[in-house]
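The structure appears right after this line, and notes come after that.
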Amino acid sequence: MRLMVVRDAYDTMLMHLHSNTVNRFKTSLEQSLNEGKEYVAAIHLCTQSCMREFDQVCEDAAIQQSEWNASKFREKLICDMLSEMMAKYKKQITLVLAKRVESLLEAGERDTWASIRNLFECNTEAAVSEFSDAAVSFNLHSSEIDSKLQHLRKHARKLLKKKAREAADARRVLMRMKDRFSQVLSHYENSISWYNWTEEINLDEIERNALSESLRILSIMAAIRFDEMPDQIENVLYSSLLIDGTVLDPLA
């Protein structure tokens, strides 16, 4: 019974130590960043300081002739510190990708998905590389680090899917298609306003070009293209709206 009381007191002390160390880690990290230190350097400094203090207190509190140790609390401390880092890099990825992916999808240019893939790779791998450098402070096994890095990549991929699905909302796509159709027609109207209107102007061709541009919006939103594999979506859409040379209006 007496031993159980001592063990409970020992565990309670370690729980308080863990909680205080996590708070000190957050505070010292924020202070280091405010002083102008780079994030990875600040992580190294704060991690070493906090872990050194944690280990020292655990050593001082160790009970001789017992097999009790603070290993599970140390592991939890490292896990919580890594969670702080993970939250930071998830936020970084979200801030960089969300608005820019949304803008690229809204613009609906021919190279939309190539631009999104490039944006995704550059920014995700930059965050992954920085996280990997910072995680060195924790002396983790390579498999543990790889698991965290994959988690970051999955977060970025999930974010991209979310933004693509939001942009693929039928009403939003139809509105963008109509806007693109009107823009193309306006361009032709403005370009011929300086010349005399003649019968040589091919109105069918102008309409065909306007519809082709609006269909590009639809083809871009028809699938999420994470890889560079070619597809026939755009060609199928165009051919399905051409019957015996007649243009069928997808906006009708």
Side-chain angles (χ1 to χ4, degrees), residues 14-15 17-33 37-59 69-102 104-105 112-166 223-229:
L14 289 179
M15 283 190 288
L17 176 60
H18 161 269
S19 179
N20 290 338
T21 305
V22 170
N23 289 334
R24 195 168 82 80
F25 172 76
K26 294 178 181 179
T27 301
S28 59
L29 178 59
E30 183 178 357
Q31 183 178 348
S32 295
L33 295 174
K37 286 187 175 63
E38 293 184 355
Y39 187 81
V40 173
I43 283 289
H44 289 324
L45 179 66
C46 297
T47 299
Q48 291 172 7
S49 173
C50 290
M51 294 305 298
R52 185 165 53 247
E53 181 178 313
F54 180 87
D55 289 340
Q56 184 61 56
V57 175
C58 288
E59 183 179 343
N69 62 67
S71 59
K72 68 176 182 180
F73 293 95
R74 195 178 196 279
E75 290 173 3
K76 187 175 187 313
L77 176 60
I78 291 174
C79 182
D80 289 344
M81 289 179 173
L82 284 170
S83 293
E84 279 293 307
M85 286 174 49
M86 184 66 71
K88 184 266 183 188
Y89 286 106
K90 280 185 175 181
K91 183 177 180 181
Q92 176 178 312
I93 289 172
T94 300
L95 288 174
V96 172
L97 289 184
K99 288 295 183 183
R100 295 177 67 181
V101 167
E102 188 175 327
L104 287 168
L105 291 171
T112 292
W113 281 104
S115 298
I116 289 176
R117 285 193 298 269
N118 183 61
L119 179 68
F120 174 85
E121 288 295 330
C122 291
N123 288 282
T124 302
E125 291 309 310
V128 162
S129 177
E130 192 173 318
F131 182 94
S132 182
D133 290 342
V136 170
S137 302
F138 298 96
N139 297 316
L140 299 173
H141 192 276
S142 60
S143 61
E144 294 179 88
I145 295 179
D146 289 343
S147 176
K148 299 293 183 183
L149 301 184
Q150 283 302 109
H151 185 73
L152 278 178
R153 292 188 179 99
K154 286 181 180 178
H155 169 74
R157 198 177 182 94
K158 184 177 179 180
L159 176 66
L160 197 157
K161 284 184 178 180
K162 177 185 176 185
K163 287 298 172 183
R165 285 168 180 160
E166 288 175 356
I224 296 176
R225 298 170 175 89
F226 277 125
D227 53 44
E228 298 183 38
M229 295 293 293

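Sequential numbering from 1 along the given sequence is applied to the chain's residues. No experiment lies behind these values; they were computed from the predicted model shown. The basis for the numbers below is simple: all heavy atoms, side chains too, and nothing from hydrogens, waters or symmetry mates.
Sparse packing is recorded around CD of Glu38, with 12 or fewer heavy atoms of other residues, nucleotides or ligands lying under 6.0 Å away. Residue Glu166 places its CD atom among more than 12 non-hydrogen atoms of other residues, nucleotides or ligands, all under 6.0 Å distant.
Interatomic distance, CG of Leu160 versus CZ of Phe120, reported as 6.5 Å (0.5 Å rounding). Between the NE2 atom in His151 and the CE atom in Met86 there is a gap of 5.0 Å [rounded to 0.5 Å]. Of the inter-residue distances, the one linking Leu159 atom CG with Leu95 atom CG reads 10.0 Å to the nearest 0.5 angstrom. Atom CD of Gln31 and atom CG of Leu45 lie 10.0 Å apart (nearest 0.5 Å). Here the NZ atom belonging to Lys163 is positioned 12.5 Å from the CG atom belonging to Leu104, to the nearest 0.5 angstrom. Between Leu14 atom CG and Arg74 atom CZ the span is 12.5 Å, to the nearest 0.5 Å.
Remark: the Gln92 side chain and the Lys88 side chain contain an N/O donor-acceptor pair separated by less than 3.5 Å. Looking only at atom types and distance, the side chain of His155 has no donor-acceptor partner in the side chain of Thr124 under 3.5 Å away.
By the 4.0 Å N-to-carboxylate-O rule, Glu75 lies too far from Lys72 to be salt-bridged with it.
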Arg117 vs Phe226, side-chain contact (heavy atoms from CB on, under 4.5 Å): CA-CA, chis, key distance, verdict: CA-CA 7 Å; Arg117 285 193 298 269; Phe226 277 125; 5.7 Å; no
Derivation of the side-chain contact (heavy atoms from CB on, under 4.5 Å) call for Glu144 and Leu82: CA-CA 11 Å; Glu144 294 179 88; Leu82 284 170; over 6 Å; no
From CA spacing to verdict: side-chain contact (heavy atoms from CB on, under 4.5 Å), Asn139, Ile78: CA-CA 10 Å; Asn139 297 316; Ile78 291 174; over 6 Å; no
Residues Val136, His44; criterion side-chain contact (heavy atoms from CB on, under 4.5 Å); working and verdict: CA-CA 8 Å; Val136 170; His44 289 324; 4.3 Å; yes
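Contact check for Ser32 versus Cys46: side-chain heavy atoms found under the 4.5 Å cut-off. Contact annotation: the side chain of Cys50 approaches that of Met81 to within less than 4.5 Å [non-hydrogen atoms, C-beta and beyond]. Between Phe73 and Leu17 there is no side-chain heavy-atom pair separated by less than 4.5 Å. Annotation: side chain of Leu29 is not in contact with side chain of Glu84 (no heavy-atom distance under 4.5 Å). Counting heavy atoms from C-beta outward, Lys161 and Ile224 have side chains that approach closer than 4.5 Å.
When every heavy atom of Ala135 is checked against every heavy atom of Met85, the shortest pair comes out as N-CE, 3.9 Å.
Ser132 places no side-chain N or O within donor-acceptor distance of the main-chain N or O of Val128, the cut-off being under 3.5 Å. The main-chain N or O of Glu125 is never found under 3.5 Å from a side-chain atom of Ser129 such that the two would form a donor-acceptor pair. A distance-only check finds a donor-acceptor pair linking the side chain of Thr94 to the backbone of Lys90 [under 3.5 Å].
Judged by the 6.0 Å distance and 45° axis criteria, Lys148 is not positioned over the aromatic ring of Phe131.
A side-chain contact (heavy atoms from CB on, under 4.5 Å) with Ile116 is found for one member of Thr112, Leu119, Asn118 and no other, namely Thr112.
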